[in-house]
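Below: the structure, in structure tokens.
Bear in mind that the values here come from a model prediction, so they are computed numbers and not experimental data. A note on names: the letters A, B, ... follow the listed sequences, proteins ahead of strands, and every chain is numbered from 1.
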Number of protein chains: 2
Amino acid sequence: MTQKKLPALSPSETEILRLVWQLDKATVQDVCNKLPAKRKIAYATVQTLLRRLEKKGYVKHRIRGKAHVFFAAVKSEHVIKRSVGDFLDRLFGGDPIPLMQYLAEHGKINAGDIEKLKRLAGKK
Amino acid sequence: MTQKKLPALSPSETEILRLVWQLDKATVQDVCNKLPAKRKIAYATVQTLLRRLEKKGYVKHRIRGKAHVFFAAVKSEHVIKRSVGDFLDRLFGGDPIPLMQYLAEHGKINAGDIEKLKRLAGKK
DNA sequence: CATAATATCGTACATTTGTACAAGCTGTCA
DNA sequence: TGACAGCTTGTACAAATGTACGATATTATG
């Protein structure tokens, strides 16, 4: 079930889309509230971003009362796959190992986590 | 030894900067040749990107004959740290675990790699 | 030394991105 | 049912991004 090719996501759009996934269904308000404290952007801005996400096909909405309730129209896996792929290409020429290494060294990953990962890697 | 706050890198700039690191010292030509086959952009475009990287402080250059030889002015670690951090924030709300998981499941990581990572994680 | 070849520089420009105001709907509550 | 609060829509706009042409400078070459 291969997905259609969707237009690229801008960084901010990605951020908003993540929140939509996290909330499952969300109004503009909901998204605003869920924004990390460090990253406060205006209601109107979030609106525009959601509009653009909809135009690009990443979310849809349904009307509930006077509010629009947005929900993702694509599986996060799909977007993650592309995003990680692009990121890896750009910063590491596509090789995932250096990224893993970086995360292992600096990202608070502990031995237990790695054990779990090992199981995952083994399974597939 | 904390680094100055450098302006943000655009995706394309990041890509070019990576090649400069990889080549250590590089002319515009060198960078062009090193571009992945899939991603051919014009000489002039690479030039502009290098110019912008220099203006932003990420690279410097020295003249050799008629050619400019560019070289990185910042340690890759620094840029990687910021890039990975931003990426993580945007796509995973800052949590590195899901990314590790994704890489373990889909990125061609094998048990041996994981062993190495474990050692790294343990060391720090 | 004149010229061809090769680089760089200045400049340009269409898009995309981030951000937001103002005006117009639409339920809701007194 | 009329006014209000809350939403959406349309529109705007500066800055960043991706891409590149044309003019100019410099080196090597015959």
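- Between the CG atom of B/Leu50 and the P atom of D/dT17 there is a distance of 16 Å, rounded to whole Å.
- Residue A/His61 forms a side-chain hydrogen bond (donor to acceptor under 3.5 Å, both in side chains) with just one option from A/Arg51, A/Lys25, A/Glu54, and that option is A/Glu54.
- Put simply, CD on B/Gln47 is 15 Å from P on D/dA25, counting in whole angstrom units.
- B/Tyr102 is listed as a side-chain neighbour of A/Ile80, based on a closest heavy-atom distance under 4.5 Å.
- Straight-line distance from the CG atom of B/Leu53 to the P atom of D/dA16: 15 Å, rounded to whole Å.
- More than 12 heavy-atom neighbours from other residues, nucleotides or ligands sit within 6.0 angstrom of CD on A/Gln22.
- Here the CG-CG distance, from B/Asp24 to B/Leu19, works out to 13.0 Å after rounding to the nearest 0.5 Å.
- Using a 4.0 Å heavy-atom criterion, one finds that B/Gln29 contacts the sugar-phosphate atoms exclusively.
- Of the residues in residues 55-67 of chain A, A/Lys66, A/Ala67 come within less than 4.0 Å of DNA chain D through at least one heavy atom, sorted by number.
- In this structure, B/Ala104 and A/Met100 approach most closely via the heavy-atom pair N-CE, 4.4 Å.
- Considering every non-hydrogen atom in both B/Ala26 and B/Val31, the closest pair reads CB-CG2, 3.9 Å.
- Inspection of the B/Ser12 and B/Arg39 side chains reveals an N or O donor paired with an N or O acceptor under 3.5 Å.
- Listed by residue number, there are no residues of residues 16-27 of chain B with a heavy-atom contact under 4.0 Å to DNA chain D.
- Considering all non-hydrogen atoms of both residues, B/Leu9 and B/Arg82 come closest at N-NH2, 4.5 Å.
- Using a 3.5 Å distance cut-off with no hydrogens or angles, the side chains of B/Thr27 and B/Asp30 do pair a donor with an acceptor.
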Between the protein and nucleotides 18-20 of chain D, which nitrogen or oxygen pairs are less than 3.5 angstrom apart?
from	atom 1	to	atom 2	distance (Å)
D/dG18	OP1	B/Ser12	OG	3.4
D/dG18	OP2	B/Ser10	OG	2.5
D/dG18	N7	B/Arg52	NH1	2.9
D/dG18	N7	B/Arg52	NH2	3.4
D/dG18	O6	B/Arg52	NH2	3.1
D/dT19	O4	B/Arg52	NH2	3.3
D/dA20	OP2	B/Ala42	N	3.4
D/dA20	OP2	B/Thr45	OG1	3.2
D/dA20	N6	B/Thr48	OG1	2.6

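- Under a cut-off of 6.0 angstrom, the local environment of NZ in B/Lys81 is sparse, with at most 12 non-hydrogen atoms contributed by other residues, nucleotides or ligands.
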